[in-house]
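Structure record follows, encoded as structure tokens.
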Amino acid sequence: MIVSHLELVDFRNYASGTFELTSGTTAIIGDNGQGKTNLAEALAFLATLSSFRSAPGDALVRVGASTAIIRATVLDDDGRESLIEIELAAAGRNRVQVNRQRLQRVRDLLGTVRVTVFSPDDLILVKGSPGDRRRYLDDTLVALAVKYDTVRLEIDRIVRQRNTLLKQAAGRLTDEIEVTLDVWDAKFADIADQFGYARSTLVARLAPMVQEAYEQLAGTSTPIDLVYEPPWRSSGLGAALAAARPLDIRRGVSTVGPHRDELTLSIGGLPSRTHASQGEQRTLALALRLAGHRLVTDRTGSAPVLVLDDVLSELDDHRATALLDHLPSGQVIITTASELPPAACADRILRVRAGHVV
């Protein structure tokens, strides 16, 4: 899969910008604050319909404009060309067209383009909250099969409804509350058991790939462990919800379920979040991204577009060279504020200044 042409109108600091991208490696070079990450953000938005910087939709529209446009020409592995157009509204609903045909639901675009982004913020995969690691797993599941986006949205909806009911209970379980909880718990248990299995299977597939990627980047053989074993999975969520009901009523929130799960990461048998050095943590975060990219490529038969957003500056020379030496095949976009190391082997170089290609 290749994005051959990208056009931005009133997106972030781009009043108007056009980028011709190569099927190999394209380097985007420019000083900080000139729009390099904005370009990476636009590419990722094509795949996820969200900002990898966790920015709200209105922040993507240039100041003073009411809408922004992301327009891209995408070639699949058979050479078929598709035109994707996304109109982002500063206020109101976004619109998406594929080959000039408007999609009834914006989220129907998911799966049309796949993009893997490496950014300095990826350190949160190791140092951040359990929610950051859950998001990594779930985003990878969606990249593998779009149906999982619907599943996680449904889980979010059920948890919201259940929490509203628990708050209404105000610490007291009435017959009416109990009957309604039984209904929501049955729905929750059914979909969560399926989702927990999908996460568990994903972690089992990722683990050896993360191990291999970490060793390639670090240049050393170090045991890496990924553990996803939420206690509720041993008995099923239905039984776990029943056991936790008194606590849920008392606290007014759902205390067990996939929305509370943790993916535990270890380096050399020790928790990576608390015992690993910054260099080890960053290497593990990169290994997680590389493993996800490789798994999606293997399972779908098509390599996602790979975006390295200002990552090289965060690595020492050894790890930067190792990363570039072990990049997977396919389209690669590298953004950097400094000149490229020789190992980058860029096929095309674009220089950006104040939202313009110069």
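If you're wondering where the values come from, they're calculated on a predicted model, not measured in any experiment.
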Contacts under 3.5 angstrom, residues 21-31 side chains, donor-acceptor by atom type, not counting sequence neighbours:
| residue | atom | partner | partner atom | Å |
| --- | --- | --- | --- | --- |
| Thr22 | OG1 | Gly24 | N | 3.3 |
| Thr26 | OG1 | Thr22 | N | 3.1 |

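One side chain, Ser302 or Asp77, offers a donor N or O that lies under 3.5 Å from an acceptor on the other. With 3.5 Å as the limit, one finds no donor-acceptor pair spanning the side chains of Asp248 and Ser254. The closest side-chain donor-acceptor pair between Arg62 and Asn38, if any, does not fall under 3.5 angstrom. A side-chain donor-acceptor contact under 3.5 Å links Thr48 and Ser50. No side-chain N or O of Gln97 forms a donor-acceptor pair with one of Gln101 less than 3.5 Å apart. Between Thr116 and His293, the side chains place a donor N or O and an acceptor N or O closer than 3.5 Å (distance only, hydrogens not considered). Side-chain atoms of Glu7 and Thr18 form no donor-acceptor pair, as typed in the model, at a separation below 3.5 Å. In summary, the side chains of Thr283 and Arg319 do present a donor paired with an acceptor at a separation below 3.5 Å, with no hydrogens or angles considered. Donor-acceptor pairing under 3.5 Å is lacking for the side chains of Tyr148 and Asp138.
Formation of a donor-acceptor pair under 3.5 Å by the Gln331 side chain with backbone atoms of Val3 is found in this model.
Salt bridge annotation for Lys187-Asp190: absent, with no cationic side-chain nitrogen under 4.0 angstrom from a carboxylate oxygen. A salt bridge does not link Glu229 to Arg199: none of the charged nitrogens lies less than 4.0 Å from a carboxylate oxygen. One finds a salt bridge joining Arg294 and Glu212 here, because a Lys/Arg side-chain nitrogen approaches an Asp/Glu carboxylate oxygen to under 4.0 Å.
The environment of Arg157 atom CZ is dense: over 12 non-hydrogen atoms of other residues, nucleotides or ligands sit within 6.0 angstrom.
For Phe19 and Tyr14, the gap between ring centers is short of 6.0 Å.
For the atom pair CG of Leu265 and CG of Leu284, the computed distance is 5.5 Å after rounding to the nearest 0.5 Å. Taking CG of Leu315 as the reference point, atom CG of Leu217 lies at 8.0 Å (rounded to 0.5 Å). How far CG of Asp139 is from CG of Leu144: 11.0 Å, rounded to the nearest 0.5 Å. Interatomic distance, Leu166 CG to Arg245 CZ, rounded to the nearest 0.5 Å: 8.5 Å. The distance from atom CG of Leu75 to atom OG1 of Thr73, rounded to the nearest 0.5 Å, is 7.5 Å. Separating the CG atom in Leu308 from the CD atom in Glu314 is a distance of 12.5 Å, to the nearest 0.5 Å.
The closest side-chain heavy-atom distance from Asp261 to Tyr228 is below 4.5 Å. Considering only heavy atoms from C-beta on, Ile191 comes within 4.5 Å of Val151 through its side chain. The closest side-chain heavy-atom distance from Arg162 to Leu181 is below 4.5 Å.
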